[in-house]
Amino acid sequence: MNSIKNINSKESIRKIKIDVKSKSYDVLIGRDLLANIGQIILDNIPNSKGANLCIVTDRNVDSLYSDQVMESLTKAGYKPTKYIIEPGEASKDLANYQAIIDHMSEAEMTRQDMVLALGGGLVGDLAGFCAATYQRGIGLVQVPTSLLAMIDSSVGGKTAINTGHGKNQIGTFYQPDLVVCDIESLKSLGDLDWSSGMGEMLKYAVLDKSLDIEKIASRSDLGALIENIYKAISIKAKYVLADEFDKALNLGHTLGHAIEKLSDYKLRHGQAVAIGLNLISRYAVARGMMKFSDLITISMALDKAGLDINCPYDMDQLIDLIRVDKKRQGDKINLIIPRTLGDCQIVETDIDDLASFDTRPMNTRDIRSGLLGEKLSHSKSPELHARLGDYDYQLYEIGRDKIDSYMENYPLDCSNVTIPYKQTLVKYCDDLSHRVQSIGSVNTIVRLGDGSLYGDNTDYYGFSKMIEALGLEVKGKYVLILGSGGASLTVKAYMEDMGAGTIVTISRRGQDNYDNLDRHYEKAHIIVNATPIGMYPHLDEAPLDLRGFKSLEAVLDLIYNPEETRLISQAKAMGIASINGMTMLEEQARLASFIFKQKI
């Protein structure tokens, strides 16, 4: 019976047991595993003792890890040899395949011996195909050293080489006997290889919500990264168990492989998959199969990971390659289409319909956008957006008695929203980001092709940049938020998400107000001003006096002025860490502009 067994073993090694019809094997995830790889293989494959092992690796990985791997294998009683290829997709070819087979033959390897793939996905594919076909199949150990290889190509049994006609044109499914993922090897990855792996990581987050797309670890947080890798491989294992030929895992790959080939493999696999994932998500929205809010969640996650989501090729160019894709059946092709996060379906798609979809985003010069608010004479938003795009961006001052009629006949393509309408305008949006749904405040609106309105809240991300800029630790802290409007709700949501201890909202008439601030003098660690008090030209005004607070660590003022607010000036004079709202304004504008450009 197919199953996955998740085991926490000694020395913090995470283990995933994979049982498929053809083979049962373990995936081990941990730190500092390469130095002990020989004993690890022997412990997990006892009948391999004394075997010949052909290590296949590339020149870059060889210089980093081969010596310790060879030493460990020899110490465990194995007889290792090594075949080194040049880095790059061009090496995954018939010539290297033949050379490796000759190398194994000259070493007199038999069916009791093994191949060890040490490197990224390219090495794993090539070495795996050699193991699958040498004497009709010998043992295979995958030791992936890239993020992409760990979470994707090393698990599931896909092996292949390329031909002049395309990627992976010759190959087979051949499951490994063991997969060993040493997280420490990820430290040597360059930025491109890292982002390539993130393209595949985010694919899994779209396939299955058990991997939260908005909580993907940074490369510096190895503990959290191990958990992300564990979840990603578990998701892949689940799909492989349901279908050993893992058709659903091709999300983003049909378009991605075409993009990769058109770039002459200058784009890394994961980079091309990221573009393909974004394209197929846009296609799903355009055909009414997915909400725009899900597209934005996916696109923003890809952008945050440092991945370029803009396709450099027209659909006509992609279609020429898709027509020779192995998944094509006549004039149709099976595509994995995301319907929402965690729900992707195999959809038989007319190739001509796919061909009619424009890969290029909307011409931004045609976008009419701006800022909606009551009083905007000193807004910096037009200046910021002028640096972010070539679209028209104006200020629209609208009185409270006119805002409802304005929104009922919304004339813009996109807009930002500021005081006092961030809560008021939520009701006019047909589709909302989960941030808006949970916070109840909107600051970005997009009118879609069908006339419906999408609402988002980029203030949340902007405020997070203020926290990062101060290097502020929020967890467990006592936080005072001044004001109870839309910006206040956003700050409160962020503080809750980050695990703040006590969060108190100060308002003019609430239980906690400006007349009883003294109850917080001894406790408050962080003060956030989410009111307009102190906004230019009223620089001499401040919502409160900081002198009574005894434990204050930081003051964050969401207001940006050409000159310092009185609140920030006082914080500086007292030696308290402080920051104004310019950081937040710039980041929320950048993300709002990004969302504008995804308009369909």
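Fair warning: this is a prediction, and the values are worked out from it, not measured in the lab.
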Under 3.5 Å, side-chain donor or acceptor atoms of residues 309-318 against the rest of the protein: list the pairs with distances, not counting sequence neighbours.
{"from": "Tyr313", "atom 1": "OH", "to": "Leu262", "atom 2": "O", "distance (Å)": "3.3"}
{"from": "Tyr313", "atom 1": "OH", "to": "Ser263", "atom 2": "N", "distance (Å)": "3.2"}
{"from": "Gln317", "atom 1": "OE1", "to": "Asp314", "atom 2": "N", "distance (Å)": "2.9"}

query = Are any of the side-chain nitrogens in Glu214 or Arg435 under 4.0 Å away from the carboxylate oxygens of its partner?
reply = yes
note = Gly270 and Leu148 have their tightest heavy-atom pair at N-CD1, 3.6 Å
inquiry  = Show, in sequence, the C-alpha distance, side-chain angles and deciding distance for Gln135 and Arg111, and conclude whether the side chain to side chain donor-acceptor pair (under 3.5 Å) test is met.
reply    = CA-CA 7 Å; Gln135 296 187 0; Arg111 295 191 68 186; 5.6 Å; no
request  = Measure from the side-chain N and O atoms of Thr159 to the backbone N and O of Thr172, and report whether any donor-acceptor pair falls under 3.5 Å.
outcome  = yes
request  = Evaluate whether atom CZ of Arg360 has more than 12 neighbouring non-hydrogen atoms of other residues, nucleotides or ligands under 6.0 angstrom away.
outcome  = no
key: CG-CG distance between Asp182 and Leu34, expressed to the nearest 0.5 angstrom   = 4.0 Å
ask   = So, Arg282 side chain and Gln598 main chain: donor-acceptor pair closer than 3.5 Å or not?
value = yes
ask   = Is the side chain of Arg328 donor-acceptor paired with the backbone N or O of Ile351 at a distance under 3.5 Å, no angle test?
value = no
query = Has Glu71 got more than 12 heavy atoms of other residues, nucleotides or ligands less than 6.0 Å from its CD?
reply = no
task = Side-chain contact test, heavy atoms from C-beta onward, threshold under 4.5 Å: evaluate it for Asp294 versus Val285 and give yes or no.
result = no
query = Ion pair present between Arg323 and Asp352, side-chain N to carboxylate O less than 4.0 angstrom?
reply = yes
key: Separation between CD of Glu468 and OH of Tyr461, rounded to the nearest 0.5 Å   = 12.5 Å
key: Under 3.5 Å: donor-acceptor pair, side chain of Lys158, backbone of Asp125   = no
inquiry  = Quick one, Tyr283 and Thr349 - any side-chain contact, counting heavy atoms below 4.5 Å?
reply    = yes
task = State, with a plain yes or no, whether a side-chain heavy atom of Leu122 is found less than 4.5 Å away from one of Ile85.
result = yes
inquiry  = Under the criterion side chain to side chain donor-acceptor pair (under 3.5 Å), I'd like the reasoning laid out for Asp431 against Ser293: C-alpha separation, chi angles, the key distance, then a yes or no.
reply    = CA-CA 7 Å; Asp431 183 18; Ser293 54; 2.9 Å; yes
inquiry  = Can you confirm whether more than 12 heavy atoms, excluding those of Lys599, are under 6.0 Å from its NZ atom?
reply    = yes
request  = For residues Asp113 and Cys54, determine if any side-chain heavy atom of one lies less than 4.5 Å from a side-chain heavy atom of the other.
outcome  = no
inquiry  = With a 4.0 Å cut-off on N to O distance, would you call Asp177 and Lys23 a salt bridge?
reply    = yes
key: Short side-chain to backbone donor-acceptor contact, Tyr204 and Ser234, under 3.5 Å   = no
Partner of Asn162 under side chain to side chain contact (heavy atoms under 4.5 Å, CB included), chosen from Glu89, Gln169, Lys261 = Glu89
ask   = Short question: side chain of Ser72, backbone of Ile37 - any donor-acceptor pair under 3.5 Å?
value = yes
request  = Examine the side chains of Lys92 and Asn168 and answer whether a donor and an acceptor come within less than 3.5 Å of each other.
outcome  = yes
inquiry  = I need the minimum non-hydrogen distance between Phe357 and Ala286, along with the two atoms involved.
reply    = CE1-CB, 3.9 Å
query = Which residues satisfy the ring-ring contact (aromatic ring centres under 6.0 Å, His included) test with Tyr391, sequence neighbours excluded?
reply = His385, Phe596
query = For Ser210, which residues count as a side-chain hydrogen bond (donor to acceptor under 3.5 Å, both in side chains) partner, sequence neighbours excluded?
reply = Asp208
inquiry  = If you count heavy atoms of other groups shown closer than 6.0 angstrom to CG of Asn363, is the number above 12?
reply    = yes
request  = Could you give me the CA-CA distance, side-chain angles and deciding distance for Met104 and Tyr83, then say whether side chain to side chain contact (heavy atoms under 4.5 Å, CB included) is met?
outcome  = CA-CA 9 Å; Met104 292 194 291; Tyr83 185 90; over 6 Å; no
ask   = Are a donor atom and an acceptor atom from the side chains of Ser146 and Asp193 found within less than 3.5 Å of each other?
value = no
Flag, side chain of Glu200 to backbone of Ser196, donor-acceptor distance under 3.5 Å = no
key: Check: Ser48 and Ile41 side chains under 4.5 Å, non-hydrogen atoms   = yes
remark   = So CD1 of Ile84 and NE2 of His103: to nearest 0.5 Å the spacing works out to 9.5 Å
ask   = Take atom NZ in Lys304; do more than 12 heavy atoms of anything else shown fall under 6.0 Å from it?
value = no
request  = Nearest 0.5 Å please: distance from the CG atom of Leu118 over to the OH atom of Tyr65.
outcome  = 9.0 Å
note = Note: Pro80 and Ile55 closest approach over all heavy atoms is CB-CD1, 4.3 Å
query = Is there a side-chain contact between Lys231 and Asp212, using heavy atoms and a 4.5 Å cut-off?
reply = no
request  = Taking only Lys NZ, Arg NE, NH1 and NH2, and the carboxylate oxygens of Asp or Glu, determine whether Arg590 and Asp303 approach each other closer than 4.0 Å.
outcome  = yes
key: Flag side-chain contact, heavy atom, 4.5 Å: Tyr174 against Thr133   = no
key: Shortest non-hydrogen separation from Ile183 to Met150 and the atoms involved   = CD1-SD, 4.2 Å
query = Step by step, would you call Tyr454 with Ile296 a side chain to side chain contact (heavy atoms under 4.5 Å, CB included)?
reply = CA-CA 10 Å; Tyr454 166 73; Ile296 292 302; 3.7 Å; yes
key: Heavy-atom neighbours of Lys49 NZ exceed 12 at 6.0 Å   = no
query = When rounded to the nearest 0.5 angstrom, what is the spacing between CD1 in Ile275 and CG in Asn278?
reply = 8.5 Å
task = Take Glu86 and Asn96 through the test side chain to side chain contact (heavy atoms under 4.5 Å, CB included) and record every step on the way to the result.
result = CA-CA 10 Å; Glu86 292 301 320; Asn96 272 308; over 6 Å; no
request  = In sequence, state the C-alpha distance, the side-chain angles, and the governing distance for Asn44 and Val180, and then conclude on side chain to side chain contact (heavy atoms under 4.5 Å, CB included).
outcome  = CA-CA 11 Å; Asn44 286 272; Val180 181; over 6 Å; no
query = Any donor-acceptor pair under 3.5 Å linking the side chain of Ser356 with the backbone of Asp353?
reply = yes
query = Between Asp456 and Met300, what is the shortest heavy-atom contact and its length?
reply = OD2-SD, 4.4 Å
message = Is there a side-chain contact between Ile45 and Val141 in this structure, where contact means two heavy atoms from C-beta onward sitting under 4.5 Å apart?
response = yes
task = Could you tell me whether Lys82 and Asp67 have a side-chain N and a carboxylate O separated by less than 4.0 Å?
result = no
Donor-acceptor contact present, side-chain Gln271 to main-chain Arg268, <3.5 Å = yes
ask   = Within the distance-only criterion (no hydrogens, no angle test), does the side chain of Asn52 pair as donor or acceptor with the backbone N or O of Met109 below 3.5 angstrom?
value = no
inquiry  = If I compare all heavy atoms of Leu251 with all of Pro338, which pair ends up nearest, and what's the gap?
reply    = CD1-CD, 4.0 Å
key: Nearest-0.5 Å distance that lies between atom CD1 in Ile40 and atom CG in Leu33   = 4.5 Å
